Each structure stands twice: as structure tokens, then as C-alpha cells.
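Working notes for the structure below.
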Number of protein chains: 2
Amino acid sequence: MVRAAAAKKSSPHVHEKRERRKSEIQHAALRAFRERGYHATTLDHIAEQLGVRKTALYHYFPDKDAILFECHREALGELERNLAEARRLKSPADQLRHVIEAHVRVMTETLDGSPLAFEVPSLSGERQREVVAGRDRYERELRRIIERGVRAGVFRDTDAKVAVFAILGAINWIARWWRPGGALSTAELGRQFSDHLVGGLGPLPRPRLVRSPKPRAARPRTRSKATS
Amino acid sequence: MVRAAAAKKSSPHVHEKRERRKSEIQHAALRAFRERGYHATTLDHIAEQLGVRKTALYHYFPDKDAILFECHREALGELERNLAEARRLKSPADQLRHVIEAHVRVMTETLDGSPLAFEVPSLSGERQREVVAGRDRYERELRRIIERGVRAGVFRDTDAKVAVFAILGAINWIARWWRPGGALSTAELGRQFSDHLVGGLGPLPRPRLVRSPKPRAARPRTRSKATS
DNA sequence: AAGAACTTTGAACAGTCGTTCAGTTTTCCA
DNA sequence: TGGAAAACTGAACGACTGTTCAAAGTTCTT
């Protein structure tokens, strides 16, 4: 115990170096997950990118799951930071715009285009619960922004839950087609996404063409309760 | 050879029954893939839902991959049929609206909410190539609709590629939160999606708030060439 | 009712991969 | 420079799971 305490404080920058290495491992893992997905990625794949045997990874993470978990923790942290920034803006439209553009930046720059969001179900037990809780917090906050926008009249009356899912789906899907070094800058991508996804919440410019003879009033008024 | 030919034509409705069973297997597989993803799904999981041992599946599909592949083929077929329907509509906005709503219907009703699109990389070799080719055809067609809308002035001048990715991302993500039996009808979900995603391509209702001092004209004019 | 065709089964195999661990190499500090 | 701490390795294990196959069970046809 005394030894452990002594070892812990022995040298601050040893611990720091270890953290840097952990981060390297995480990024190598993210790149591998992007190519093959979590389950199809072996520890050998990750280790190979680092010029190391897979057993070396166990000095930094207790198991494969933990690598994915740490990636999620970091990503969620960044997203929450974005939310905090957005809260300083006035209008719901600006807030939503900011969150979208910042989220796009996280997807492309921080996560290197990795499909982290796809791999939540790959986490097991307690870890999955924690990540899901964080994700739910984030989604709830986005929903609130939209609901305030609806109340303020800047957004069309819409199901906020569905709108948030549409927005996050579009963003998460970036992992499937965007690659670093593409012609499209992340800033421009973010801008186009926010134009598209925030703009789509505004009042409908044209009256919707009626496709069926049913009167529009017959449209059910239910608000969704999406299970899960 | 003669025997094989005779067996093939022996009875038409035997073949039909076999097809029905294949379809049952596919749907059981889809449900399993939804819960755990392709790689985390074992043949035992699929077989268990059918009250059968996993070896029985080999009478219908040569391997696990083939089950996923057949699901993809069917889904792509439906999507192409939707495109054909859309082509009969006049305006690009209506076409896009129709394709989106029909695609949402495929996601929820046909595919039972299964994340098929997530599992393209799980396919191997030749099969993956075929599915990717089909998907690319679909995406290209959507892009054309948007480009015509831009030329016609009903859509804002926007990068069609990015817009299509945003739309498909939102739709594919449905698999991650929608569950059969939810309060939201698939028709209503489709309508809200098309409102959101088509509406977002219209002219921006409000002038964009300038966040940085850089003049908007400085925005690069490049069209994206997303790698892959 | 009998035989053929179809369907399902149980056992077994083979390859993959996460994980453990004792020991070696490297790095760092006194 | 010597010794401790940290980083890494190689070998091996064990569980899982896709796949094969010969045989048993079932369904259908004549």
C-alpha cells in the first residue's frame, strides 16, 4: 500500500507518457474499427498498427471491451462540451446549428471518421449502460433545444424525438463515407449539414402536395413514444 | 444430369415452400442482426428462433454470409422499385419525398427495423461488391434527383452527394431506435422525415447568422469528392 | 403403402481469437 | 552505472462458432 502510493506519485510524467500511449492505442483501434467494425477487428489488427504484439495491449487495457469503452467516454465528453458551448448562444436555431457543426467536427477530426456510435451494442453490461446513459443525456438536451425552438415559433411543430434521431443519424452516418483527406473540409461539411438539418425544421416553404384523397386533418395527432 | 433436371421440374410448389422457409430464416436472421449485429449473431441464435438446430440452415444457405447477402438483395430490389415509382412523379421535390417515405417504409415494415445497411462491410468478397454496386446505383439516382431540383431552382445550391448521405444516414439510423409496435406509425414517420429532409434543401428561410468575420464569399467552391 | 425427395439432427472438427502468465527487453532515475 | 519499474514478448490455453457429414426423421407422390 505504501509502496503503491509511493509508486503512484513517483514521477508525474511517467504516468503522462502512459496516457499518451493509451491514446495511441485508442486511435489505432478506432481506425481498425472503422475498417472492419468492432467484432471483426482482432487485437492483432490493432497491435499491428502500433508495431507491437497484441499482448502488449493488456498493459494498458484490461480487455478488448475497455478500449472501445474508453473511446466512447472521450467522445461523449467532447459532445457534452459542445453542448455547454451551445448553451451560451441565444436562439435555439443557433444552438442547434452549433451543436451539429461541432458534432460533425468530432466525427471527422477527433474520431478520425470512426463509427463509434455504431458500436454501442458491442459494449457489454455495465459499460454499455454508462455509455447509453451518456448518449441519452445528449439526445435529451438536443430534444430540448428543438422543443424550445418549436415553442418560440422558429421551428415547425414537429416531433422533437424523431427530429433528433434524424439529425444524429445523418451525423453518425458520416463515418460510413467520409475519409480523412477528402476534398470536402470538415467545416464546410458541418455547415452544409446544419443548413440541411436545421433548415428542414423551419416552416415548410411550399404547401405539401396532397398525395392521397384523405384530408390532412385526418393525420393522427399522436406524439411518438419510440421504444428504447 | 438428367436426374438433376428431372428433380428440378418435379413439382413447382415444393420449390415454393422452400422459398417460404428461406424467407422465414431471413427474417429470423434480420431480427437477430438487429439485436446484436451480424458478427455477434451466431447461427444458433438464428436457428433457435425457428425451433431448429443450426445445421438445418445449411439446407437453405451455403454459409452465414449468404443469409445476409440474400437479405441485402431483397432490400435493394425494393429500393429500386421505389425509384421506379418515383420516376413517374413530376417535380424533383415530389420524387425525393416519395423515395424517402418509401425507404422509411422498407426500413420499418419490410426489414422489420433491421440495420441491414450497417452490415454491408460484413459481407465478403464478391457478394459485398455486388451489394455495394447496387447501393451506389441507388445513391446515384438520388443524387440526380437532387441535382435536377437544384437546376430547377426548387432546391438550394448544395452538394448533392453530401445531401444524399445526410438523407440516407437519417433513414438508416431508424434501425437503431425504431421498434415495431411503437406509437409512431410508419406513414407518419416517413412524412416527418420527408418534411425534415426535403424541406432542408429548400431556400434558407432566414439569412445565416455570420459567426466568423470572414465574408461568406470566401467559402470554397469545391464540389466534394468523398473518397469511397 | 412404399419409396423417393426433402428436412432436420447430433457429433465432431478446425480455425480463430481473447486472455493469461512467466520471463525478457527496454526505459528511467538515483 | 546499477537496479528498479515499465513495456513488451512468446507460448499456450480454452472457449466459441462456422462448417461438414453421415444418418435419422418427415413429407409427399404415386
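Note that this is a predicted model, so its numbers are computed, not measured. Letters A, B, ... mirror the listed sequences (proteins, then strands); counts begin at 1. Atoms considered below: every heavy atom in the structure, side chains included; atoms not considered: hydrogens, waters and symmetry mates.
- Of the candidates D:dC21, C:dC17, D:dG18, D:dG18 carries the atom nearest the B:Thr42 side chain, counting heavy atoms from C-beta on.
- Residue B:His45 contributes atom NE2, which lies 11 Å from atom P of D:dC16 at whole-angstrom precision.
- Taking the six-membered ring where tryptophan is involved, the planes of B:Trp173 and A:Phe118 are tilted, since the angle between them lies from 30° to 60°.
- The nearest whole Å value for the distance from the CD atom in B:Glu48 to the C1' atom in C:dT9 is 16 Å.
- With distances taken from any side-chain atom of B:Leu43 to the nucleotides C:dT20, C:dT7, D:dT19, the minimum falls on D:dT19.
- For A:Tyr60, counting side-chain heavy atoms from C-beta on, the closest listed nucleotide (C:dG10, D:dA7, D:dT19) is D:dA7.
- Residue B:Lys54 contributes atom NZ, which lies 18 Å from atom C1' of C:dT7 at whole-angstrom precision.
- Remark: P of C:dT20 and NZ of A:Lys64 are 15 Å apart, rounded to the nearest angstrom.
- Under a 4.0 Å N-O distance rule, the pair B:Glu141/B:Arg87 qualifies as a salt bridge.
- If you check every strand for non-hydrogen atoms under 4.0 Å, A:Phe61 touches nothing.
- A salt bridge does not link B:Glu130 with B:Arg127: none of the charged nitrogens is closer than 4.0 Å to a carboxylate oxygen.
- Between B:Tyr58 and the phosphate of C:dT8, there is no side-chain N or O to OP1/OP2 separation shorter than 4.0 Å.
- Ranked by how close their nearest DNA chain C nucleotide is to the 5' end, A:Thr55 and B:Leu57 are led by B:Leu57.
- The interatomic distance linking B:Glu19 (CD) with C:dT7 (C1') rounds to 15 Å, in whole Å.
- Looking at the side chain of B:Lys17, the nearest of the listed nucleotides C:dC21, D:dT20, D:dT27 is D:dT27.
- When the side-chain nitrogen and oxygen atoms of B:Arg53 are compared with OP1 and OP2 of C:dG10, one or more of them lie within a distance under 4.0 Å.
- Proximity of A:Leu168 to A:Leu142: side-chain heavy atoms (C-beta onward) are separated by under 4.5 Å at one or more points.
- Residue B:Arg18 has a polar side-chain atom (N or O) positioned under 4.0 Å from OP1 or OP2 of C:dT7.
- A donor N or O paired with an acceptor N or O is found under 3.5 Å between the base of C:dT8 and the side-chain atoms of B:His59.
- Ion pairing of B:Glu78 with B:Arg105 is absent here, as no side-chain N (NZ or NE/NH1/NH2) approaches a carboxylate O to less than 4.0 Å.
- Between the CG atom of A:Asp63 and the P atom of C:dC21 there is a distance of 14 Å, rounded to whole Å.
- To the nearest angstrom, P of D:dT17 lies 17 Å from CG of B:Asp65.
- One can place CZ of A:Arg21 at 13 Å from C1' of C:dT26, the figure rounded to the nearest angstrom.
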